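This report refers to the structure that appears directly beneath it.
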Amino acid sequence: MAAPKVAVVGAGVIGLSTALCIVETCPSCSVTVLSEQFSPNTTSDVAAGMLIPHTYPGTPIHVQKQWFKETFTYLFAISNSAEASEAGIHLVSGWQVFKNTPKEELPFWSDVVLGFRPMSEAELQKFPQHQFGQAFTTLKCDCPPYLLWLEKRLKATGVQMYTRKVTDLWELHSEYNIVVNCTGIGAHQLVGDKKLFPVRGQVLKVHAPWVKNFIRDGDGITYIYPGIHRVTIGGTREKENWNLSPDPGTTKDIFDRCCSLEPSLQGAQDIKVKVGLRPSRQCVRLQREVLSQGGVKLLVVHNYGHGSGGFSVHRGTAKEAARLVRECIAALQGASSRAKL
Ligand code: FAD
């Protein structure tokens, strides 16, 4: 059969990394990315991009750990290469602090990040309202640079990218053999997934170059994540809230909460407010589906619903989606050889 034509719908971190994994593992495919928006206008551009996993209650922990490990290993190699600065990937050390000692002292990802340990008394003195803490080094993606780096790599391998809103996956059946759905919160409308819901997040991106360590309050709502050029401070988690407009009261609340963790942020300059909708679900939808109309079939692979942790697991889920695409190709090749007999 001719080279299978694959359309990846969506150009956030999930769509771009999935397209790259498909190109890397199925070189015979012709891959096209179709998306309503590209960087800097995706949810992925709003994210802090820290590699600290969020837990998906509907996915076995060993699977989540594997996704995180694959992502960490992939980005760690980039952070150690000459590409690091252009890709916006860097190591960052810091503290996760708790007002009360958590029941689970060791998160499942503690042996994937580097140097995970309880904080010392001397370190805890910086946080008089907290009684327990964990110190570790992890990776951070500076989001627009990382997305642009992924786009550049895709273009270098001949992948075409087009701005296009897809209103029904079936509309692609005459042009493509396989469609990969990486539309994030867009899947709510595109495939009518009622299990998918937005968790609104508002963050501030500020100029505060003296802040070098991350600080995360144990509940994950208040955080300070330094990037290469700007510090992301946050945040909010508002379930089922679709509002993309920044709220000034929330901006003040975020700023006050972060200053109580790191008082020097009072001197932060050039504050920009961003809002994004986390595509949330009990588990990531990572599965094959066959659409069929009048005897004609379209093979679909879904890869969406990464909620608060898309950056932390993107490479692991992209690899799994690429494996599902290879299964689809094998099914198409099987059907094509049967037709010739
Ligand atoms: P998106 O980035 O939303 O991409 C979806 C793409 O699909 C877009 O290009 C869109 O235009 C396109 N699309 C949608 N519908 C259609 C359609 N019908 N036709 C064509 N194209 C379509 N995660 C972490 O791991 N670490 C963090 O520190 C972190 N911080 C965060 C902070 C905030 C404030 C927020 C909001 C999120 C954060 N996240 C973090 C979560 C992370 O941002 C998401 O999990 C991730 O960006 C989801 O990526 P995505 O590619 O699925 O979605």
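Each ligand, and each atom within it, is numbered from 1 in the order the structure gives. From a predicted model like this one, the values you see are computed outputs, not experimental measurements. Computed from heavy atoms alone, side chains included, the values below leave out hydrogens, waters and symmetry copies.
Distances between N or O atoms of Leu277 and those of ligand 1 include no value under 3.5 Å. When only interatomic distances are considered, the shortest N/O to N/O separation between Phe311 and ligand 1 falls below 3.5 Å. Considering both main-chain and side-chain atoms, Gln202 never comes within under 3.5 Å of ligand 1 through any nitrogen or oxygen pair. Distances between N or O atoms of Gly310 and those of ligand 1 include at least one value under 3.5 Å. At least one N or O atom of Gln37 sits closer than 3.5 Å to an N or O atom of ligand 1. Not a single N or O atom of Phe38, backbone or side chain, sits closer than 3.5 Å to an N or O atom of ligand 1. In terms of N/O distances under 3.5 Å, ligand 1 is approached by Val166.
A 6.0 Å sphere centred on CD of Gln189 holds no more than 12 heavy atoms belonging to other residues, nucleotides or ligands. Shown here is Glu240, whose CD atom has more than 12 heavy atoms of other residues, nucleotides or ligands within 6.0 Å.
Contact annotation for Arg164 and ligand 1: only backbone heavy atoms (N, CA, C, O) come within less than 4.0 Å of the ligand. Only the side chain of Val203 comes within contact range of ligand 1, with a heavy atom under 4.0 Å; no backbone atom does. Only the side chain of Val9 comes within 4.0 Å of ligand 1, judged by heavy-atom distances.
Atoms of ligand 1 found under 4.0 Å from any heavy atom of Met50, numbered from 1 in the order shown, are 24 (C), 25 (O), 26 (N), 27 (C), 28 (O). Taking every heavy atom of Lys165 and a limit of under 4.0 angstrom, the matching atoms of ligand 1 come to 19 (N), 20 (C). Close approach to Gly10 involves these atoms of ligand 1, each under 4.0 Å from a residue heavy atom: 6 (C), 7 (O), 12 (C). Short contacts between ligand 1 and Gly309, defined as distances under 4.0 Å to a heavy atom of the residue, involve ligand atoms 23 (N), 24 (C), 25 (O). Close approach to Gly276 involves these atoms of ligand 1, each under 4.0 Å from a residue heavy atom: 36 (C). Against a heavy-atom cut-off of under 4.0 Å, Val13 is close to the following atoms of ligand 1: 49 (O), 51 (O). Remark: ligand 1 atoms within the under-4.0 Å shell around heavy atoms of His306 are 45 (O). Under a 4.0 Å criterion applied to the non-hydrogen atoms of Gly186, ligand 1 contributes the atoms 14 (C), 15 (N).
Here the heavy atom of the protein found nearest to atom 38 (C) of ligand 1 is Ala47 CB, 3.5 Å. Protein heavy atom at the shortest distance from atom 16 (C) of ligand 1 is Thr183 CG2, 3.7 Å. Of the protein's non-hydrogen atoms, Ile14 N, 3.1 Å is the one closest to atom 51 (O) of ligand 1. For atom 12 (C) of ligand 1, the closest heavy atom belonging to the protein is Ser35 OG, 3.4 Å. Ser44 OG, 2.8 Å is the protein heavy atom nearest to atom 47 (O) of ligand 1. Looking from atom 41 (C) of ligand 1 to the surrounding protein, the closest heavy atom is Gly307 O, 3.2 Å. Of all protein heavy atoms, the one lying nearest to atom 24 (C) of ligand 1 is Ser308 O, 3.4 Å. What sits closest to atom 3 (O) of ligand 1 on the protein, heavy atoms only, is Thr43 OG1, 2.9 Å.
At least one heavy atom of Cys182 lies less than 4.0 angstrom from ligand 1.
If you chain together hydrophobic residues whose side chains sit under 4.5 Å apart, Ile185 and Val33 never meet in one group.
Ile254 and Ile233 make their closest contact through CG2-O, 3.8 Å (heavy atoms, listed as atom of the first residue, atom of the second, distance).
In this structure, a donor-acceptor pair under 3.5 Å is present between the side chains of Gln66 and Glu70. A side-chain donor-acceptor contact under 3.5 Å links Thr42 and Asp45.
Put simply, the side chain of Leu261 reaches to within 4.5 Å of the side chain of His130, judged on heavy atoms. Using a 4.5 Å cut-off on side-chain heavy atoms (C-beta onward), Val97 and Met119 make contact.
Residue Ala48 holds the heavy atom nearest to atom 30 (N) of ligand 1 of all those in Ala11, Gly15, Ser39, Ala48.
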Tell me, with the steps shown, if Arg117 and Glu123 meet salt bridge (charged side-chain N to carboxylate O under 4.0 Å, His left out). CA-CA 12 Å; Arg117 60 173 173 81; Glu123 285 170 307; 2.8 Å; yes
List the steps and the verdict of side-chain hydrogen bond (donor to acceptor under 3.5 Å, both in side chains) for Tyr225 and Arg216. CA-CA 8 Å; Tyr225 293 147; Arg216 180 178 197 262; 3.1 Å; yes
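Remark: aromatic rings of His188 and Trp242 are close, center separation under 6.0 Å. Ring centroids of Phe98 and Phe127 are separated by 6.0 Å or more, keeping the two rings apart.
Proximity of a side-chain donor or acceptor of Glu262 to a complementary backbone N or O of Ile215 within less than 3.5 Å is not detected. Under a 3.5 Å cut-off, the side chain of Thr232 and the backbone N or O of Ala48 do not form any donor-acceptor pair.
When the options Thr317, Thr183, Asp193 are evaluated for a side chain to side chain donor-acceptor pair (under 3.5 Å) with Tyr304, the one that passes is Asp193.
Salt bridge absent: Arg230 and Asp142 never bring a charged side-chain N and a carboxylate O closer than 4.0 Å.
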